[in-house]
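What follows is a set of notes on a single structure, which appears directly below.
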Amino acid sequence: MPISCLALAPVPRAMASSSSSPLTRAHRASTSTSSVAAALLASASPIPPRRFIQLHAHLLRTGLLIFSPVTTTSAFLSLAAVSLPSHRALAVLDHHLTTPHYLPSTFQCNSILRALSDPSDALRFLCRVRALGRRGNAFTLAILLKPRCSLAHARQLHANVVAEGHLRDALLATSLMRCYANRGDGDGARKLFDEMPVRDAVAWNVLITCYARNRRTKDALKLFEEMRGKDSESEPDDVTCILLLQACSSLGALDFGEQVWAYAEEHGYGGELKVRNSLITMYLRCGCVDKAYRVFSGTPQKSVVTWTAMISGLAANGFGNDAISVFEEMIRSDVAPDEQTFTGVLSACSHSGLVDEGFRFFDMMRCEYGLKPNVRHYGCIVDLMGRAGLLDEAYEFVTNEMKVAPDATIWRTLLGACRIHGHVDLGERVIGNLIELKAQQAGDYVLLLNTYAAVGEWSKVSEIRKLMQEEGIQTTPGCTTVEHNGTVHEFIADDDAHPRKVEIYENLSEIYKQLRIAGYVPNVSSELHDLDSEGKESALTYHSEKLAIAFALLVTPQHRPIRLAKNLRVCVDCHNFTKMFSAIYRRIVIVRDRTRFHHFQGGKCSCNDYW
DNA sequence: GTAGGGTTAG
């Protein structure tokens with residue numbers, strides 16, 4: 001409301017008293033200015049700090065503030081809280097709280113609290129009124145629960161919630177849980193959860209979200225059982241299913257994901273689009289392309305999310321042409337693709353080496369759909385050029401043609417291409433750019449090291465190794481996991497920790513024997529140390545993938561695919577090894593590594609960039 | 001009597 005309109009606004013009842021009190025006299029003395037003041041107080045909308053100071057002076061001069069009832073003072077303080085910077089507002093509040101006759105009601109305290117933008121100032125104000133004997137209620141605490149409040153703040157409010165007996169207020173307690181979750185304190189959220197007398201499904205869901213987002217994915221899955229247990233008052237709902245399916249996606253926990261899906265169907269959530277979309281993603285992130293496609297086909301009302309999930313999943317699994325077919329079908333079905341759809345389509349092109357198609361879709365995205373490419377789209381184009389061997393062109397593209405600033409991922413993509421093509425000079429320039437961005441990681445040095453190793457520059461290799469040692473850059477040890485009967489088995493190179501290690505090593509040597517007969521030769525360029533070729537060969541023998549395959553062969557029935565998850569990229573030698581293994585042993589092996597899936601079958605792999 | 005607050009698909 002513009003200030004000029006306020007002169008006609010009615011004076012609040014509290015100020016328009018008919019007795020001849022000092023308030024009324026002062027009021028009569030300057031009726032028009034006072035009615036503006038009254039309107040400002042009544043509206044409680046922010047005013048510029050200068051105007052606030054004028055108002056303050058006016059109220060003091062006319063005695064309106066000094067002799068005013070509690071309501072006026074509270075309105076004035078609320079106005080201070082919205083109009084002034086938090087700390088200045090607090091000073092005004094403090095001053096008025098020392099006035100002997102002034103004590104705002106709980107309702108008025110809440111209005112003032114709502115107006116204070118800084119949570120710590122709000123808490124300080126609350127302490128002051130508490131000291132004066134005014135108690136808060138559930139609203140007071142809800143107002144103080146700002147979404148991004150600090151952990152200390154959350155703990156203090158938690159204590160208040162307990163002390164004032166508001167644990168039964170499920171909404172209040174869950175928003176407090178959310179504060180812990182936002183700050184990554186899963187234990188704090190759990191403690192509060194355990195204290196709640198009644199936990200509804202939302203409370204469970206908040207806890208699951210908290211665990212899943214704070215790298216406690218397995219704990220998130222455990223909650224599913226707990227939630228269905230006899231001591232729980234609530235049943236998992238559709239949101240629970242979505243959250244659990246997401247957790248299974250990130251863990252690659254296929255069996256668990258299917259249990260969640262069975263539950264969802266039994267309880268009538270099987271037709272919900274969000275649940276189905278999560279299921280499609282889960283299957284794709286576990287490498288089950290067929291099952292994902294079946295669910296996808298059985299989904300009648302596909303949204304852009306459904307299509308994008310399928311396209312991106314096919315792309316990550318190495319089925320670039322299928323991803324493009326699905327994209328074309330999407331266009332025919334009149335569903336408009338968005339930025340994320342194009343990220344999937346472009347990554348399909350880059351992962352499958354479809355250079356011309358990639359550029360065609362990149363143009364389509366801009367010209368036909370008017371979408372602005374983001375850094376991920378550019379990343380796909382750089383990847384596409386890099387894989388096609390157009391390295392200098394890619395560098396030129398990054399430095400001169402991109403409309404957004406290149407991030408570390410863009411440079412890493414290019415570095416990966418330098419590794420594939422053994423382009424040492426460019427690799428050095430690219431790592432220079434990463435250093436400039438202060439974003440270099442151990443993996444980047446390893447890529448550069450690989451590039452030198454690929455062209456046999458062993459002196460450079462040892463130089464980089466020395467540099468890494470001096471700078472204290474730690475490489476992540478390669479680790480491969482296999483899920484068997486719900487237990488995750490973890491392997492690192494030369495592992496001797498597994499209880500079945502004897503069988504595993506015997507099995508691996510038998511596999512080697514069979515593969516050598518079929519013509520397998522170790523690819524020593526993957527080993528980074530400057531060992532003689534015999535030394536390199538033996539270093540490659542017990543890579544974590546190979547140990548995991550030997551174990552999986554022991555425990556996985558013949559008709560089921562062997563599923564592995566690797567924390568880094570699969571090395572060239574393990575890639576060759578697995579290809580041959582899939583042919584000789586007639587097994588499907590699905591490996592999820594840091595960037596994508598590899599489907600090995602009959603001596604071939606779905607990806608095309610290992611040579 | 002007023003006022004406030006929770007989870008969810010690519």
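Naming convention: chains lettered A, B, ... in sequence-line order (proteins, then strands); numbering from 1 in each chain. The shown structure was predicted, so the numbers you read here are calculated from the model rather than taken from an experiment.
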Contact residues, [range] to DNA chain B [heavy atom, < 4.0 Å]:
range                       : value
residues 316-347 of chain A : A/D338, A/Q340, A/T341
residues 295-311 of chain A : A/V304, A/V305, A/T308, A/A309
residues 241-250 of chain A : A/I242, A/L243, A/Q246
residues 125-144 of chain A : A/N137, A/A138, A/F139, A/A142
residues 210-233 of chain A : A/R213

Compute whether any side-chain donor of one residue and acceptor of the other, for [X] and [Y], lie under 3.5 angstrom apart.
X      : Y      : result
A/H598 : A/S606 : no
A/D237 : A/N205 : yes
A/H87  : A/D121 : no
A/S86  : A/D118 : no

Q: Check whether any side-chain nitrogen or oxygen of A/R276 sits under 4.0 Å from OP1 or OP2 of B/dA9, and answer yes or no.
A: no

For [X], which contact category applies under a 4.0 Å heavy-atom criterion: base, sugar-phosphate, or nothing?
X      : answer
A/A173 : nothing
A/S278 : sugar-phosphate
A/D238 : nothing

Check the distance between [N]'s [atom2] and [X]'s [atom1] and give it to me in whole angstrom.
X      : N     : atom1 : atom2 : result
A/L171 : B/dG6 : CG    : C1'   : 5 Å
A/R178 : B/dG4 : CZ    : C1'   : 17 Å
A/M196 : B/dT7 : CE    : P     : 13 Å
A/L176 : B/dG4 : CG    : P     : 19 Å
A/L157 : B/dG4 : CG    : P     : 17 Å
A/R114 : B/dT2 : CZ    : P     : 13 Å
A/L145 : B/dT7 : CG    : C1'   : 16 Å

Please check if the number of heavy atoms outside [X] that lie under 6.0 Å from its [atom1] is greater than 12.
X      : atom1 : value
A/R569 : CZ    : no
A/E266 : CD    : yes
A/R376 : CZ    : no

Donor-acceptor contacts under 3.5 Å from residues 274-287 of chain A side chains, at least two apart:
residue : atom : partner : partner atom : Å
A/R276  : NE   : A/T299  : OG1          : 2.8
A/R276  : NH1  : A/G270  : O            : 2.9
A/R276  : NH2  : A/V295  : O            : 3.4
A/R276  : NH2  : A/G298  : O            : 3.3
A/N277  : OD1  : A/T306  : OG1          : 2.9
A/N277  : ND2  : A/L273  : O            : 3.4
A/S278  : OG   : A/K274  : O            : 2.8
A/T281  : OG1  : A/N277  : O            : 2.9
A/Y283  : OH   : A/E258  : OE2          : 2.7

Where is the tightest heavy-atom contact between [X] and [Y], given as atom of each residue plus distance?
X      : Y      : answer
A/Y269 : A/C241 : CD1-SG, 4.2 Å
A/L167 : A/E195 : CD1-O, 3.6 Å
A/L346 : A/C380 : CB-CB, 3.6 Å

Charged N to carboxylate O under 4.0 angstrom, [X] versus [Y]?
X      : Y      : result
A/R366 : A/D363 : yes
A/E164 : A/R130 : yes
A/E235 : A/R199 : no

(Q) Base of B/dG6, side chain of A/D200 - is there a donor-acceptor contact under 3.5 Å? (A) yes

Q. What class does the angle between the rings of A/F52 and A/F76 fall in, given that below 30° is parallel, 30 to 60° is tilted and above 60° is perpendicular?
A. parallel

Q: For the residue pair A/Y263 and A/H267, categorise the inter-ring angle as parallel (less than 30°), tilted (30 to 60°) or perpendicular (more than 60°).
A: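 Ring orientation, 0 to 90° scale: parallel.
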
Q) With a 4.5 Å limit on heavy-atom distance, are the side chains of A/V304 and A/T341 in contact? A) yes

